[in-house]
Amino acid sequence: MNYPANPLHRRGFLTGIGTVAGLAALSQVPLEGTALAAPRLRGDEYPFKLGIASGDPTPGGVVLWTRLVPDPFSPDGGMPTRAVPVDWQLALDENMRKVVKSGTVSALPELAHSVHVEVDGLAPGRHYYYRFRYRGDVSDVGRTRTAPPEHGGPGSLSFAFASCQDWTHGFYSAYRSMAEEDLDLVIHLGDYVYEYGVPADGGMRKTATPDVLREGPRNLDRWRMQYALYKSDPDLQRAHARFPWLVTWDDHEVANDYAGAYGPIDANRAAAYKAWYEHQPVSRRSLPRADGSLRLYGRTGWGRLAQIDLLDTRQYRSAPPCGWGEAPACEAGNDPAKGTMLGTMQERWLLDGLRASRAHWNVIATSVMMARLDHDGPTGDIIWHDAWDGYPASRRAITDTFVSAKVRNPILVAGDWHSTFVNDIHQDFDRPESPVVATEFVGTSISTNGDDEVYGPYYGPMIKWNPHIKFFDGDRRGYVTCRLDEREWRTDLRMVPTVSRADATATTFASFVVEDRRPGAVRIQA
């Protein structure tokens with residue numbers, strides 16, 4: 001099936017989004033009756049085929065998500081063209097005998113019959129279990145947890161972060177291992193889906209796929225199908241059901257290397273954004289707005305131990321001031337008026353939050369790498385402009401704030417590169433002698449690039465020109481776990497031997513420790 005480049009009239013589409021935002025707010029209003037009286041589904045198919053999820057934990061609440069989609073690859077998902085009731089329950093035990101919260105909400109056709117239940121009034125720092133019901137069908141039981149009390153702790157925190165999961169490039173075996181870990185939450189840093197068409201044999205998975213997926217997404221129905229394909233993976237579903245997630249996006253949720261503020265939001269990008277919201281466990285702050293935009297960036301506190309600032313490095317970024325892709329640096333990059341990574345409002349929000357933070361650890365979750373990567377050493381000044389290197393003024397605003405505000409233990413976690421880096425962050429990368437002010441961990445992909453050797457041969461020769469890069473691996477797939485308390489931060493690089501099999505097991509490839517108030521990671525024996 002071929003889709004035109006702009007299949008929807010932009011003004012009409014965006015007006016519809018504004019209407020959806022109002023309807024979505026109403027979907028949170030409790031309904032009388034239960035889902036037992038809901039209409040029968042076409043073919044009596046099971047509606048919870050994309051699993052369940054939770055996210056955005058606070059000390060008193062969490063978001064619960066599911067989507068009713070008995071037929072994932074039809075335009076209507078196999079659902080009636082009206083709102084239907086969905087029951088939900090939250091309990092203290094996995095057997096769902098000690099139910100503490102429950103209700104019935106509307107699943108709206110305008111939001112692909114997804115639901116985002118914002119549960120509040122919960123106890124801080126404890127696990128809960130949840131499930132959904134539609135008619136006689138009941139979802140699996142998921143486990144979630146709330147954040148610790150705002151001033152509690154310091155305690156401890158264990159989380160994993162991941163990114164870049166091209167479904168056609170291999171199985172999500174890394175998620176199977178992640179789901180077996182003892183974690184408090186997961187941070188996903190983008191490229192949750194890719195905007196490309198799907199081959200008939202599923203690519204590396206050798207799994208037959210429907211013909212409707214051959215062409216890449218160009219409208220809302222097709223974006224919903226792309227998410228349905230990716231979320232149908234059982235190991236991704238296990239990881240979602242096991243832990244609450246914090247999620248942001250990168251470029252492939254729309255188009256490779258795009259800059260969001262470089263031109264208006266057209267109908268395709270608005271559709272991509274809306275489909276993202278429909279398939280993620282995010283709160284109402286991320287509802288689609290009338291202009292098609294979504295607010296993703298937000299702050300999560302973990303008692304007095306950690307402040308996690310989740311960034312949106314796509315939607316507000318300008319065109320890179322010195323050129324696209326691999327190109328020379330230039331003086332315009334140092335002028336904040338000529339290029340921005342975060343946009344004025346998000347940057348102010350981040351810097352103000354860092355100045356006010358009293359947390360032991362200040363975590364900045366960013367889709368793309370912050371450290372400098374000099375491509376050609378003393379022979380030139382080639383860098384990659386689709387990362388923070390392309391926006392050095394934006395980077396300096398943050399690193400200067402680390403110093404001026406005496407921010408305690410800033411740690412950056414990033415994805416995007418399909419490679420693993422451990423980096424010292426200098427206050428000014430143009431002055432290598434400037435102090436190390438933060439530490440950065442960049443995780444590899446879950447599946448993207450498959451088992452191919454791509455970035456080892458490409459980036460490997462560059463590492464010698466970048467002494468602040470303390471570790472690099474270019475061609476393994478996996479995720480990263482981080483465990484922290486008031487004394488130290490430990491990072492384990494968890495790698496799978498192949499993505500050609502769903503049952504490949506992750507092992508720890510290397511481990512690093514950052515001590516309290518001593519920026520810079522030190523490798524230890526795993």
Side-chain angles (χ1 to χ4, degrees), residues 189 248 297 299 306-313 316-318 320-322 329-374 381 383-417 421-442 465-471 489 491 512 514-521:
L189 297 169
T248 188
Y297 66 87
R299 180 166 295 126
Q307 174 174 294
I308 303 171
D309 289 330
L310 186 73
L311 302 186
D312 177 351
T313 62
Y316 313 109
R317 74 159 72 180
S318 63
C322 298
C330 73
E331 188 55 36
N334 295 313
D335 184 349
K338 294 183 177 178
T340 175
M341 173 69 87
L342 301 179
T344 301
M345 290 183 61
Q346 183 181 197
E347 183 174 293
R348 184 184 305 119
W349 166 86
L350 173 64
L351 300 183
D352 287 348
L354 290 171
R355 294 186 188 104
S357 174
R358 298 296 179 264
H360 277 66
W361 301 92
N362 286 277
V363 186
I364 299 177
T366 170
S367 295
V368 293
M369 188 164 78
M370 179 172 278
R372 186 178 181 90
L373 182 60
D374 184 350
D381 56 0
I383 55 176
W384 182 253
H385 291 262
D386 191 59
W388 287 89
D389 267 346
Y391 304 82
S394 296
R395 178 170 60 196
R396 253 317 272 284
I398 297 171
T399 56
D400 282 350
T401 300
F402 290 159
V403 176
S404 64
K406 299 180 180 179
V407 178
R408 184 169 180 174
N409 296 327
I411 304 279
L412 295 108
V413 297
D416 178 60
W417 290 64
F421 296 81
V422 178
N423 304 318
D424 288 344
I425 300 295
H426 287 269
Q427 183 177 0
D428 183 356
F429 280 105
D430 288 330
R431 295 189 299 112
E433 72 279 6
S434 66
V436 175
V437 296
T439 306
E440 180 176 50
F441 297 100
V442 181
W465 297 319
N466 296 272
H468 55 277
I469 297 177
K470 302 304 180 182
F471 175 90
W489 171 300
T491 288
F512 297 83
V514 181
E515 296 181 5
D516 180 34
R517 300 185 188 275
R518 298 187 64 181

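What you are looking at is a predicted structure, and each value in this text was computed from that prediction instead of being measured.
- To the nearest 0.5 Å, atom CD1 of residue Ile411 and atom CH2 of residue Trp489 are 5.0 Å apart.
- A heavy-atom distance below 4.5 Å is not found between the side chains of Trp388 and Met369.
- Comment: Asp352 does not engage Arg348 in a salt bridge, judged by the lack of any side-chain N to carboxylate O separation of less than 4.0 angstrom.
- Judged purely by atom type and a 3.5 angstrom limit, Thr248 uses its side chain to pair as donor or acceptor with the backbone of Leu311.
- The minimum heavy-atom distance linking Ala329 with Cys322 is given by the pair C-SG, 4.3 Å.
- Within the 3.5 Å criterion, the main-chain N or O of Thr313 finds a donor-acceptor partner in the side chain of Arg317.
- Annotation for Tyr297 and Asp312: closest pair CB-N, 4.1 Å, computed over non-hydrogen atoms.
- Asp424 places no side-chain N or O within donor-acceptor distance of the main-chain N or O of Ile469, the cut-off being under 3.5 Å.
- The side-chain heavy atoms of Leu342 and Tyr316, taken from C-beta on, include no pair separated by under 4.5 Å.
- Here the OG1 atom belonging to Thr401 is positioned 4.0 Å from the CG atom belonging to Leu351, to the nearest 0.5 angstrom.
- Counting heavy atoms from C-beta on, the side chains of Glu347 and Ser394 come closer than 4.5 Å.
- Without hydrogens or angle criteria, His385 side chain to Pro320 main chain gives no donor-acceptor distance under 3.5 Å.
- Here Lys406 contributes atom NZ and Arg355 contributes atom CZ; the two are 14.5 Å apart, rounded to the nearest 0.5 Å.
- Between Phe421 and Phe471, the distance from one ring center to the other does not fall under 6.0 angstrom.
- Using a distance-only test at 3.5 Å, with no hydrogens or angles considered, a donor-acceptor pair links the side chain of Arg395 to the main chain of Met370.
- The heavy-atom pair separating Pro336 from Ala393 by the smallest distance is N-CB, 3.7 Å.
- Rounded to the nearest 0.5 angstrom, Asp428 CG and Arg372 CZ are separated by 9.5 Å.
- Closest non-hydrogen pair, Cys330 versus Pro321, comes out as SG-O, 4.1 Å.
- If you take CG on Leu354 and CG on Asp309, they are separated by 5.5 Å, rounding to the nearest 0.5 Å.
- The closest side-chain heavy-atom distance from Phe512 to Val514 is not below 4.5 Å.
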CA sep, side-chain torsions, deciding dist, call: Arg431, His426, side chain to side chain contact (heavy atoms under 4.5 Å, CB included)
CA-CA 8 Å; Arg431 295 189 299 112; His426 287 269; over 6 Å; no

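- Contact of the Val436 side chain with the Ile425 side chain is not registered, since no non-hydrogen atoms from C-beta on lie closer than 4.5 Å.
- Of the residues Thr439, Asp516, Asn362, the one that meets the side-chain hydrogen bond (donor to acceptor under 3.5 Å, both in side chains) test with Asn409 is Asp516.
- In this structure, Phe429 has its ring center under 6.0 Å from that of His468.
- The shortest side-chain heavy-atom distance between Trp349 and Arg299 falls under the 4.5 Å cut-off.
- Of all heavy-atom pairs spanning Trp465 and Asp374, the tightest one is CE3-O, 4.1 Å.
- Between the OG atom in Ser367 and the CH2 atom in Trp417 there is a gap of 13.0 Å [rounded to 0.5 Å].
- Nearest heavy atoms, Tyr391 versus Gly339: CD2-C, 4.1 Å.
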Apply side chain to side chain contact (heavy atoms under 4.5 Å, CB included) to the pair Ile383 and Leu373, showing each step before the final yes or no.
CA-CA 6 Å; Ile383 55 176; Leu373 182 60; over 6 Å; no

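- Looking only at distances, no side-chain donor or acceptor of Ser357 sits under 3.5 Å from a matching main-chain atom of Gly353.
- Using a 4.5 Å heavy-atom cutoff, the side chains of Asp430 and Asn334 are in contact.
- Counting heavy atoms from C-beta on, the side chains of Ile364 and Ile398 come closer than 4.5 Å.
- Side-chain atoms of Ser318 come within 3.5 Å of backbone N or O of Thr340 as a donor-acceptor pair.
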